[in-house]
Participant: 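Here it is, the structure in full.
On a predicted model such as this, the values are computed, not experimentally measured, just so you know. Heavy atoms only: backbone and side chains are in, while hydrogens, waters and symmetry mates are out. Sequence positions, counted from 1, serve as the residue numbers for this chain.
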Amino acid sequence: MSQAQRTQELRKKIRRRKPRKPGTLQDAVAIQWQAIQCAWEEMLIAQEIGNTGGVLSAVHALNQAAGAYAKLKESSDLEARIDALEEAMGKQNDAPLRKVA
């Protein structure tokens, strides 16, 4: 089996596995973390075999993935804080009002 045929088969297999519904912010964070791990492994492999070009490519991919991860993580953390604040405000609004003398 040629490399092109193998690649085509893998693409079909991946398309069948793709999620059909929109993902969450947490899903994106997890996927981005996997990309960081993959880029890190590629960098180590390229270092081990002495492939300077591969190391540079992996470092670039690692840098891009880490930047995107940081933005996603910040957004995810902010979303969690907003949810907590909204919940606290909802509880506060449901509480009976006190008279202040």
Participant: Would you say R81 and L78 make side-chain contact, with heavy atoms under 4.5 Å?
Facilitator: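 They are in side-chain contact.
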Participant: Taking all non-hydrogen atoms of both residues into account, name the closest pair between E42 and A58 and its distance.
Facilitator: C-CB, 4.0 Å
Participant: Distance check, rounded to the nearest 0.5 Å: L25 atom CG versus K73 atom NZ?
Facilitator: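 The NZ atom of K73 is 9.5 Å from CG of L25, to the nearest 0.5 Å.
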Participant: For the atom pair CG (L72) and CG (D77), what is the distance rounded to the nearest 0.5 Å?
Facilitator: 11.0 Å
Participant: Kindly check if the number of other-residue, nucleotide or ligand heavy atoms within 6.0 Å of CD (Q8) is above 12?
Facilitator: no
Participant: To the closest 0.5 Å, what do you measure between CE (M43) and CG (N51)?
Facilitator: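 M43 atom CE to N51 atom CG measures 13.0 Å (nearest 0.5 Å).
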Participant: Which heavy atom of L62 sits nearest a heavy atom of I36, and at what distance?
Facilitator: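 Heavy atoms only, the tightest pair is CD1-O, 3.6 Å.
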Participant: Got a second to check how far R11's CZ is from K13's NZ, nearest 0.5 Å?
Facilitator: 15.0 Å
Participant: Is there a chain of hydrophobic side chains (I, L, V, M, F, W, Y, each step under 4.5 Å between heavy atoms) that links L44 to W33?
Facilitator: yes
Participant: Check whether any side-chain N or O of D27 sits under 3.5 Å from a backbone N or O of T24 as a donor-acceptor pair, and report yes or no.
Facilitator: yes
Participant: With the side chain counted from C-beta on, respond yes when K71 and Q32 share a heavy-atom pair under 4.5 Å apart, and no when they do not.
Facilitator: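 A side-chain contact is absent here, since even the closest heavy-atom pair is not under 4.5 Å.
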Participant: OG/S75 to CD/E79 distance, rounded to the nearest 0.5 angstrom?
Facilitator: 8.5 Å
Participant: How long is the gap from CZ on R6 to CD on Q3, to the nearest 0.5 Å?
Facilitator: 8.5 Å
